[in-house]
Amino acid sequence: MRQDKSKYQNFFADVYEVVKLVPPGRVTTYGAIAEYLGVKSSARMVGWAMNAAHSEPDVPAHRVINRNGILTGKHHFFTPTLMQELLEKEGVTVINDKVQNFDALFWSPTKALE
DNA sequence: GACATGACGGCAG
DNA sequence: CCTGCCGCCATGT
């Protein structure tokens with residue numbers, strides 16, 4: 001256990017806040033969030049932070065995918081199919097765990113919040 | 001402290 | 001887009 005875990009709480013809060021700002025029917029990537037938080041070299045930390053998102057029910061984690069537009073985190077949901085179903089429910093087409101037209105659906109926090 | 005793992009990403013082939 | 005390799009950094013053993 002680290003001495004200053006409070007700073008991680010701040011990191012989590014930032015990630016959650018950005019994810020909550022993702023509009024329905026749009027998606028973003030771990031790398032984009034990492035870049036916005038200034039830790040772009042460590043996109044894995046964003047994924048790690050998302051692992052703790054289970055304590056935040058308002059975080060639409062299904063809108064956060066990897067740079068390929070693939071639902072890499074689907075296995076972390078209550079059911080492996082929930083992530084895709086939520087996206088399709090918002091109008092996002094998902095085929096074989098991959099978001100279709102990902103380039104147009106991509107939402108950049110850096111660009112949106114600049 | 002070494003070693004392995006991971007909801008990632010960039011680059012090369 | 002896929003596969004392989006490496007860099008990144010916190011976590012667990």
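In what follows, every chain begins at residue 1, and chains take the letters A, B, ... in the order their sequences are listed.
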Q: Going by the side-chain contact (heavy atoms from CB on, under 4.5 Å) test, name the single residue among A:Leu37, A:Val19, A:Val39, A:Val46 that passes it with A:Asp14.
A: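 So the option named by the test is A:Leu37.
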Identify, residue by residue, the members of [range] with a heavy atom below 4.0 Å from DNA chain C, and return them in order of residue number, or none.
{"range": "residues 52-70 of chain A", "value": "A:Asn68, A:Ile70"}
{"range": "residues 40-48 of chain A", "value": "A:Ser41, A:Ser42, A:Arg44, A:Met45, A:Trp48"}
{"range": "residues 22-35 of chain A", "value": "none"}
{"range": "residues 81-93 of chain A", "value": "none"}

Please list, one pair per line, the donor and acceptor atoms closer than 3.5 Å that link side chains of residues 20-32 of chain A to other protein atoms, with sequence neighbours excluded.
| from | atom 1 | to | atom 2 | distance (Å) |
| --- | --- | --- | --- | --- |
| A:Arg26 | NE | A:Leu105 | O | 3.1 |
| A:Arg26 | NH2 | A:Phe106 | O | 3.1 |
| A:Thr28 | OG1 | A:Trp107 | O | 2.8 |
| A:Thr29 | OG1 | A:Ala32 | N | 3.0 |
| A:Tyr30 | OH | A:Val64 | O | 3.2 |

Q.
Would you say that A:Met50 contacts A:Val59 through its side chain, given a criterion of any heavy-atom pair below 4.5 Å between the two side chains?
A.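 Yes, side chains in contact.
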Q | Within-4.5 Å side-chain heavy-atom neighbours: A:Ile65 and A:Thr72 | A |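 Side-chain contact under 4.5 Å: no.
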**Q.** Minimal non-hydrogen separation, A:Met83 against A:Phe77, with atom names
**A.**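 Here A:Met83 and A:Phe77 meet closest at SD-CE1, 3.5 Å.
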Q: Considering non-hydrogen atoms only, spot the tightest contact between A:Gln84 and A:Val94 and give its length.
A: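 That closest heavy-atom pairing would be NE2-O, 3.4 Å.
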Whole-Å distance between [N] [atom2] and [X] [atom1]?
{"X": "A:Asp97", "N": "C:dC1", "atom1": "CG", "atom2": "C1'", "answer": "14 Å"}
{"X": "A:Leu37", "N": "C:dC9", "atom1": "CG", "atom2": "P", "answer": "15 Å"}
{"X": "A:Asn10", "N": "C:dA10", "atom1": "CG", "atom2": "P", "answer": "15 Å"}
{"X": "A:Lys98", "N": "B:dA7", "atom1": "NZ", "atom2": "P", "answer": "20 Å"}
{"X": "A:Asn51", "N": "B:dT5", "atom1": "CG", "atom2": "P", "answer": "17 Å"}

Q | Rounded distance [0.5 Å steps], CD in A:Glu35 versus OG in A:Ser41 | A |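 Spacing of CD (A:Glu35) from OG (A:Ser41) equals 9.5 Å.
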Q: Rounded to the nearest 0.5 Å, what's the gap from NZ on A:Lys74 to OG1 on A:Thr81? Could you check?
A: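 With rounding to 0.5 Å, NZ (A:Lys74) is 7.5 Å from OG1 (A:Thr81).
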Q. Between A:Trp48 and A:Phe12, how do the two ring planes meet: parallel, tilted or perpendicular, split at 30° and 60°?
A.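 Judged by the thresholds at 30° and 60°, the geometry between A:Trp48 and A:Phe12 is tilted.
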Q: If a pair satisfies side chain to side chain donor-acceptor pair (under 3.5 Å) and one of its residues is in residues 50-69 of chain A, list it, with sequence neighbours excluded.
A: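 Qualifying pairs: A:His62-A:Glu90, A:Arg63-A:Glu90.
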Q.
Test your reading of the model: is there a side-chain donor-acceptor pair from A:Glu88 to the backbone of A:Leu86, 3.5 Å cut-off?
A.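 No; zero donor-acceptor contacts below 3.5 Å.
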Q | A:Val92 with A:Ile70, same ILVMFWY side-chain cluster at under 4.5 Å | A |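 No: no chain of side-chain contacts under 4.5 Å links A:Val92 to A:Ile70.
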Q: Give one of base, sugar-phosphate or nothing for A:Phe77, where a contact means two heavy atoms less than 4.0 Å apart.
A: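 Here A:Phe77 touches the bases of the nucleic acid.
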Q. So does A:Asn101 have more than 12 non-hydrogen atoms from other groups sitting under 6.0 Å from CG?
A.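 For A:Asn101, atom CG is crowded (more than 12 foreign heavy atoms under 6.0 Å).
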